[in-house]
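Data first, discussion second: the structure below is written as structure tokens.
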Amino acid sequence: MPTLFEKIIAREIPADIVHEDDLCIAFRDIHPQAPVHVLLVPKKPIVNLYDASADDQSLLGHLLATAPRIAERLGLGDAFRLNINNGTGAGQTVFHLHLHILGGRPFAWPPG
Ligand code: AMP
């Protein structure tokens, strides 16, 4: 059963795509929590970080290296927050690894 994000990658479900390369795709969150709220998703359907393996290290590094470039292109400069909800207890609702890239407003710490 393909994940929701696999369907977006396959263009079976529409999304506002802001970045795509061989390894990942980024699109705007349908329920944005900030003026800029983008989901950065590996094309490989890894469930979450807990489920990732040593083989995924370079892919995970690629995601972290790509996020700031997307943030910059969307006008956030160096001011953005990255968030990963890992597991149901931490708020994960789509079980295909994704980084939330958020920006365009102040953020509190600690997060809610
Ligand atoms: P999480 O709760 O961390 O698993 O994040 C899942 C995110 O996917 C939520 O922020 C949702 O708003 C977002 N989302 C769900 N469906 C879509 C969709 N069709 N297009 C874009 N974002 C979506």
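Computed from a predicted model, the values in this text were never measured in an experiment. Every number for a ligand or one of its atoms is a count from 1 in the order of the listing.
Ring centers of His100 and His98: under 6.0 Å apart, within the cut-off.
Heavy atoms of Phe5 approach ligand 1 to within less than 4.0 angstrom. Residue contacts with ligand 1 include Gly91, since one of its heavy atoms falls under 4.0 Å from the ligand. Within the 4.0 Å heavy-atom shell around ligand 1 one does not find Gln33.
Residue His100 has at least one heavy-atom neighbour below 4.0 Å for each of these atoms of ligand 1: 1 (P), 3 (O), 5 (O), 10 (O). Residue Arg28 has at least one heavy-atom neighbour below 4.0 Å for each of these atoms of ligand 1: 21 (C). Residue contact check: Gln92 has heavy atoms under 4.0 Å from atoms 4 (O) of ligand 1. Interface of Asn85 with ligand 1, defined as ligand atoms under 4.0 Å from a residue heavy atom, comprises 1 (P), 2 (O), 3 (O).
To the nearest 0.5 Å, the span separating CG on Asp16 from CZ on Arg28 amounts to 5.0 Å. Atom CG of residue Leu74 and atom CD1 of residue Ile101 lie 7.5 Å apart, to the nearest 0.5 angstrom.
The closest protein non-hydrogen atom to atom 15 (C) of ligand 1 is Leu4 CD2, 3.8 Å. Atom 7 (C) of ligand 1 has as its closest protein heavy atom Asp29 OD2, 3.5 Å.
Heavy atoms of Leu39 found under 4.0 angstrom from ligand 1 belong exclusively to the side chain. Residue Phe27 touches ligand 1 through its side chain alone, judged by heavy-atom distances below 4.0 Å. Contacts of Ile84 with ligand 1, taken as heavy-atom pairs under 4.0 Å, are absent altogether.
The aromatic rings of Phe5 and Phe27 lie perpendicular to each other, with more than 60° between the two planes, well past the 30° mark.
On a distance-only criterion, Ile30 and ligand 1 share at least one N/O pair closer than 3.5 Å. For a threshold of 3.5 Å applied to N or O pairs, the pair formed by His98 and ligand 1 contains at least one separation below that value. Considering backbone and side-chain atoms together, Thr93 places an N or O closer than 3.5 Å to an N or O of ligand 1.
Under the 3.5 Å distance criterion, the side-chain polar atoms of Arg105 are left unmatched by any main-chain donor or acceptor of Gly103.
Val94 and Ile8 fall within the same hydrophobic cluster, defined by Ile, Leu, Val, Met, Phe, Trp and Tyr side-chain heavy atoms under 4.5 Å apart, directly or through other members.
For the side-chain contact (heavy atoms from CB on, under 4.5 Å) with Leu97, the lone residue among Asp51, Leu49, Leu40, Asp56 that qualifies is Leu49.
Lys43 and Glu6 are not joined by a salt bridge, as no carboxylate oxygen comes within less than 4.0 angstrom of a charged side-chain nitrogen.
Here the shortest heavy-atom pairing between Gln33 and Leu102 reads CB-CD2, 4.1 Å. The two residues Gly87 and Asn48 come nearest to each other via the heavy atoms N-ND2, 3.9 Å.
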